[in-house]
> 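Take a look at the following structure, please.
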Amino acid sequence: MKISKNFTIQEFLVTNTGLSNQLTSEALANIEYLAKKLLQPLRDDYGKPIRITSGYRSVDVNKAVGGSPTSQHTKGEAVDIVADDNKALFDLIKSNFEFDQLINENNYSWIHVSYVNGKNRGEILEFKNGKYIKIK
């Protein structure tokens, strides 16, 4: 099922844990909002493919991958993404888009970005040497 021009709901549900990743109706609404307000406009501006490496996570999937119990992934508000130039993608998000949280993961190995239906914090972090460091 397509949720925008370049993204499908299936991309948000992929997991290699073997566990059920059953989507809630609330999470689906949040994913659709995230795609509409951030991911599709980002893809349009970036002009090249963006791949979701981790989208929605059921509570069991989130636990299995070592995610935070309060992870926005479990609400459908966050995605981890990669592209051909993750640093350029990160900078594009940082400078041109509203977001709740933007994280440079392990020297741009991937980017975590979230968007909520409400007030976004605009928080920027870096994950390095096992720690999250707040940049903004």
> Could you walk me through whether Tyr46 and Asp84 pass the side chain to side chain donor-acceptor pair (under 3.5 Å) check?
CA-CA 10 Å; Tyr46 189 64; Asp84 68 339; 2.2 Å; yes
> Dump the intermediate steps for side chain to side chain contact (heavy atoms under 4.5 Å, CB included) on Tyr115 and Glu77, then the final yes or no.
CA-CA 6 Å; Tyr115 193 97; Glu77 296 173 337; over 6 Å; no
> Same hydrophobic cluster for Ile52 and Leu92, using side-chain heavy-atom links shorter than 4.5 Å among ILVMFWY?
yes
> Testing Val82, Asn86, Ile81 one by one against Ile50 for a side-chain contact (heavy atoms from CB on, under 4.5 Å), which residue passes?
Ile81
> Against the six-membered ring of Phe90, is Lys87 placed for a cation-pi contact (under 6.0 Å from the centre, within 45° of the normal)?
no
> Would Asp91 and Tyr108 count as having a side-chain donor-acceptor pair, cut-off 3.5 Å?
no
> Name the orientation class of the two ring planes belonging to Tyr132 and Phe127 (parallel below 30°, tilted from 30 to 60°, perpendicular beyond 60°).
tilted
> Is there a donor-acceptor pair closer than 3.5 Å between any side-chain N or O of Ser58 and the backbone N or O of Gln22?
no
> Under a 4.5 Å side-chain heavy-atom rule over Ile, Leu, Val, Met, Phe, Trp and Tyr, are Leu13 and Val65 clustered together?
no
> So which atom in Tyr56 and which in Ala27 form the shortest heavy-atom distance, rounded to 0.1 Å?
CE1-CB, 3.5 Å
> Can you name the nearest heavy-atom pair linking Lys75 to Asn30, along with the distance?
O-ND2, 2.7 Å
> Give the table of side-chain donor-acceptor pairs shorter than 3.5 Å for residues 34-41, with sequence neighbours excluded, one pair per line with atom names and distance.
residue: Gln40; atom: OE1; partner: Ser4; partner atom: OG; Å: 2.7
residue: Gln40; atom: OE1; partner: Lys5; partner atom: N; Å: 3.4
residue: Gln40; atom: OE1; partner: Asn6; partner atom: N; Å: 2.9
residue: Gln40; atom: NE2; partner: Asn6; partner atom: OD1; Å: 2.7
residue: Gln40; atom: NE2; partner: Asp44; partner atom: OD1; Å: 2.8

> NE2/His112 to CD/Gln101 distance, rounded to the nearest 0.5 angstrom?
4.5 Å
> What pair of heavy atoms forms the shortest contact from Phe12 to Thr8, and how long is it?
CD1-O, 3.5 Å
> How many angstroms lie between OG in Ser109 and CG in Asp80, if you round to the nearest 0.5 Å?
11.5 Å
> To the nearest 0.5 Å, tell me how far Ile103 CD1 sits from Glu126 CD.
11.0 Å
> Measuring from atom CG of Asn104 to atom CH2 of Trp110, what distance do you get when rounded to the nearest 0.5 angstrom?
10.0 Å
> Look at the side-chain heavy atoms of Ile, Leu, Val, Met, Phe, Trp and Tyr, link any pair under 4.5 Å apart, and say whether Ile93 and Val116 land in one connected group.
no
> Which value, rounded to the nearest 0.5 Å, describes the distance between Leu23 atom CG and Ile9 atom CD1?
5.0 Å
> Tell me whether Ile135 shares a hydrophobic cluster with Val113, the cluster being built from Ile, Leu, Val, Met, Phe, Trp, Tyr side chains joined at under 4.5 Å.
yes
> Quick check: closest heavy atoms across Arg43 and Phe7, and the distance to 0.1 Å?
CB-CE1, 3.9 Å
> If you count every heavy atom of other residues, nucleotides or ligands that lies below 6.0 Å from Asn96 atom CG, does the total exceed 12?
yes
> Evaluate whether atom CD of Gln10 has more than 12 neighbouring non-hydrogen atoms of other residues, nucleotides or ligands under 6.0 angstrom away.
yes
> Indicate if Leu125 and Leu102 have the same hydrophobic cluster label, given that clusters are the connected sets of ILVMFWY residues with side-chain heavy-atom separations under 4.5 angstrom.
no
> Can you give me the closest heavy-atom contact between Ala83 and Pro49, atom names plus distance?
CB-O, 3.8 Å
> Using 4.0 Å as the upper bound for N to carboxylate O, is an ion pair formed by Glu123 and Lys134?
yes
> How many angstroms lie between CD1 in Ile111 and OG1 in Thr53, if you round to the nearest 0.5 Å?
10.0 Å
> Looking at every non-hydrogen atom in both residues, tell me the closest pair between Ser71 and Arg57 and how far apart they are.
OG-NH1, 4.0 Å
> Is a side-chain donor-acceptor pair under 3.5 Å present for Asn62 with His73?
no
